[in-house]
Amino acid sequence: MNPTLKKLIGKIPENILEEANSLLPKGASASKIQKIADKLLEEYDYAKVAAGESVGIVSAESIGEPGTQMTLNTFHFAGVAEMNVTMGLPRIIEILDCRKKIKTPMMEIYLKSPYNKGKDIRKLALSIKETVFEEVTKEFLINIVESKVEIKLNKERLKELGLTLNNLITIIKKGAKGQIQNIKGDSDKITVKVKSKEENLNEVYKFKEKVRKVFVKGIKGIKQVLPVKRGEEFIIITAGTNLKKIFELNWVDKEKTISNDVIEIYDTLGIEAARQALINEVYKVIEAQGLNVDIRHIMLTADTMCTSGVMKGITRYGVVSEKSSVLARASFETPIKHIINAALIGEKDELNSVIENVMLNQAVPIGTGLPGLVTKEKESKK
Amino acid sequence: MNEVFINGKYSGTIENPGDFVKQIKQERRKGVISKNLNVFHDKKSNEIHISTSGGRARRPLIIVKDGIPLLTEKHIKQLQNNEITWSDLVDQGIIEYIDAGEEENALVSFDEKSLTPHHTHLEIDSVTMLGLTTSLVPFGNFNPSARLNAGSKNQKQALGFYASNFPIRLDMDVNLLHYPQVPIVNTIMHEISDYKHHPAGQNVVVAVMSYKGYNMEDAIVLNQGSIDRGLGRSTYYRPSLAEELRYSGGLMDEVTVPDKDIKGFKSEKDYRLLEGDGIIFPEAKVAEDDVIIGKTSPPRFLSGLDEYNLASSTRRESSVSLRHGEKGVIDFILLTENSEGNKLVAVRIRDQRIPEIGDKFTSRHGQKGVIGIIVPNSDMPFTTSGIVPDIIFSPHSIPSRMTVAHLLELIAGKTGSLSGRFVNGTTFNSESEEALREELLSLGFREDGSETMFDGATGLQYKSKIYVGNMYYMKLKHMVANKLHSRARGPIQLLTRQPTEGRAKEGGLRLGEMEKDTFIAHGASLLLKERFDSDRTVIPVSEETGIMGFYDTYNDKQMEPVSSETAEINDIEISYAFKLMLDEFKSLGIYPKLILKNKY
């Protein structure tokens, strides 16, 4: 880098300096470069947000106002199959509230070569889909007299999934521990004698219901799979997520694969990834609605939610509960709770933030309310 | 097997539902069974519902047999000669009433032309699908349904001639249009509803054009000359009542000119219009705060001592006076007594309302708008024949709303007024547009209704032809005079010391939560403080205890009873709402201690 520009390190971010450096005209004189550097610094300072600018409320208004124009509760079809995604305002609320269980969890699984060219894509997709026992059966028959359950199997499905009778028996044994007295397999049916006190039909029925939902194959939580061609690449879109398990597969491109469940990303990849996912997800919704919100507003919101190192929703349990001022917390939902708790421990409000000062009708410490003028009174001669 | 229900109650089964229903209908028409009975055969679930209960909406239809309506020319002649009546037709089984259920089994023809052998009934007229006010919209079949709804809603709010005995009535909030007219373009419903005896609008000349932006966004431009000639002039009537109520202890109100020593005495000036009996005289010009009925009431609470000491009468002032911003002339005074035999005084105020900017007008097609400007007659555009429009209506109101009937009425009105006749615009049965255009052409006008016009201000000819014609316009009851409101200083609420709310209480306009946010977003901190200063208070606070005190006038010093004598007490300036909140905390057993500190 040019030494003149190098002096600016610390005043201007290095990536900007590097860009400037690459744009420097060839053979420019030192004085000219100095001029460029001065101008660069001037422009950079000019572009900075001024102290006392209420960036938070500007962000809130900038996201909130277009929110009023958003079509409520739109369901958008993601391409081909009957998979749908929560979009619009409900989705934004879901993300910003940091809901643990989102309405429509989804993953986009990118594949490593050669699978990303379409090799075995259907087989791979099917292999991660969660299969429960019910899906490989044709019917359940209950023999009341012998308290036995007879399960007829769907052979074609078994073949598709590459499962054998013995596999199934072990799975059932594991899934319904302690309920089985003895289990027998016979080509296309499994007979289970249920452990029960004499003639207790209830036990048999309970076993039947339990065994239906026993997990057989695939990855837990993945309800639907859909191989799609995106651009040149084949990817798998899923309904339901399980990033942790997906990352364990060796044919998955771990760098590109993504879930739309921000909390899950936080759990598996950490806070920085979660922040980025948050920004991406919110921006995706706003973009899909054809609205225009500067990404920096969303970034600021994401930052507020992530600064503590833990994901915090913009709710009374999340970000708002972190506020230091009692009055500020009380002004946002459940005031009695905050006032009573503050009274119990004798909390002190320093009146440092905006909302408390609005309550007291004092100048809020923002914009024109920030600077003060201090003069020294002349000492009287007496 | 079909189940039969009578008024929703199961009452048996029937083998042959078709014949059963047919027989019921036949016998009803013959008069063997009640005309109030309806049958509904639900063929999907094999159920027959017979209804005889009240509260069902039923409508009359002409019965059709083999594609021929039972109502013939003969019947119509007899009706015209008053030989038979409506109920005769019903009795004879020519017309029958059908409810929503039976309608499901009927095939009703919309008009006589489209009758087929499959039809069971015929509409008496095509307009019967519309209600009374909706059928008052001319050429309604050329409008979208939403506009028809809007049009009929607007007509209900129009000022007109509501009752011919209005001079002796004491209706609340009533308006009377001064020169009401019968519409040139009318419908059959105008005749049926006797519209000419209670008209609600005026025929005006409308030019469809823009006027210097003063008729943007549904505004209209009005001609000052037309207003001077009486267009849209109306009178607003409002009665005020006062009763001499009796209270316990033989005390009662008294209608009189209040004495000066009375509690709450207003001012000599406010009572100046009252006559000796305490009531204002007719035709007195009154304005806000003027007392129209002087009245005094006994004191509200009598303590034990006062009851025997009536000499020191502390009667209260309880006169009726004009509201804030109200003006008018005393129109009518009524002296009577109420059901308990107490004196009752009613005074009616009248106020002439000449159209002004902001008053609302509408055509019959849901094309309502407020006056944007009133233009002097001389500055209005005029046609080659010297016609000056009364109203200039913006063409931008047309495309998105698709009120084609609005345009048709204009051309029909023009034709009607030029040839001196009424034009029939009944929905589905109106005069044809072609015929109207032809007639207009024969009257020496352009058949498309447009005319060459000139700018009244410059005298220059407009480059394009302007669509002008006559329309029926109505003045709506929403007038600015009843809505205009502003406040600089004014009354405050007792509890919060914040400004009152609403026009009636001369209230402030709330700067709400979101508006507050915009101030913060702009960083206009001090401006925000100033806007919220309406309940600003100065309160002495003890430095020792942090509790709010008061100013002790007797000792001429600030006080805070909990603190020691020597405690330093300083004034702070906060919003009264916050002071109130601290007081509420105290009532909850929470000690809100204010720690004072110099700002700088």
A.B. asks: Please state whether the side chain, the backbone, both or neither of A:Leu344 comes within less than 4.5 Å of a heavy atom of chain B.
C.D. replies: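 When you check distances to chain B, no heavy atom of A:Leu344 falls under 4.5 Å.
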A.B. asks: Show the nearest heavy-atom pair for residues B:His522 and A:Ser54, with the distance to one decimal.
C.D. replies: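 What the structure gives for the nearest pair is N-OG, 4.5 Å.
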A.B. asks: Count the heavy-atom pairs under 4.5 Å between each of B:Leu527, B:Leu588, B:Thr518, B:Asp535 and chain A, then report the option with the highest count.
C.D. replies: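 When all of B:Leu527, B:Leu588, B:Thr518, B:Asp535 are compared, B:Thr518 has the most.
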A.B. asks: What pair of heavy atoms forms the shortest contact from A:Thr368 to B:Leu526, and how long is it?
C.D. replies: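 That would be OG1-N, 3.4 Å.
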A.B. asks: What is the minimum heavy-atom distance between B:Ala521 and A:Glu61, and which atoms define it?
C.D. replies: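 Where B:Ala521 meets A:Glu61 most closely, the heavy atoms are CB-OE1, 3.6 Å.
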A.B. asks: Between A:Gln362 (side chain only) and B:Glu573 (backbone N and O only), is there a donor and an acceptor less than 3.5 Å apart?
C.D. replies: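 Checked: pair present.
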A.B. asks: At a heavy-atom separation under 4.5 Å, does A:Glu350 approach chain B through its side chain, its backbone, both, or neither?
C.D. replies: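 The side chain, not the backbone.
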A.B. asks: I'd like to check the side-chain contact (heavy atoms from CB on, under 4.5 Å) partners of A:Glu139; sequence neighbours left out, ordered by chain and number.
C.D. replies: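 Expected list: A:Leu141, A:Lys152.
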A.B. asks: Examine whether an atom of A:Val354 lies under 4.5 Å from a heavy atom of chain B, and if so say whether it belongs to the side chain, the backbone or both; otherwise answer neither.
C.D. replies: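 The side chain, not the backbone.
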A.B. asks: Search all heavy atoms of A:Ala363 against all heavy atoms of B:Lys529 and return the closest pair with its distance.
C.D. replies: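 Scanning both residues completely, I find the closest heavy atoms to be N-CD, 3.6 Å.
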A.B. asks: If you count heavy atoms of other groups shown closer than 6.0 angstrom to CG of A:Asn292, is the number above 12?
C.D. replies: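 No.
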A.B. asks: Which distance, rounded to the nearest 0.5 Å, do you find between the CD1 of A:Ile340 and the CZ of B:Phe585?
C.D. replies: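 The CZ atom of B:Phe585 is 9.0 Å from CD1 of A:Ile340, to the nearest 0.5 Å.
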A.B. asks: Without swapping roles, check the side chain of B:Ser525 against the backbone of A:Val364 for a donor-acceptor pair under 3.5 Å.
C.D. replies: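 Side chain of B:Ser525 to backbone of A:Val364, a donor-acceptor pair under 3.5 Å: yes, one is there.
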A.B. asks: Looking at CG of A:Asn361 and CD1 of B:Ile574, how far apart are the two atoms once the value is rounded to the nearest 0.5 Å?
C.D. replies: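 One gets 9.5 Å once the value is rounded to the nearest 0.5 Å.
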A.B. asks: Measure distances from A:Leu351 to the heavy atoms of chain B and classify the residue's part below 4.5 Å as side chain, backbone, both or neither.
C.D. replies: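 Neither the backbone nor the side chain of A:Leu351 comes within 4.5 Å of chain B.
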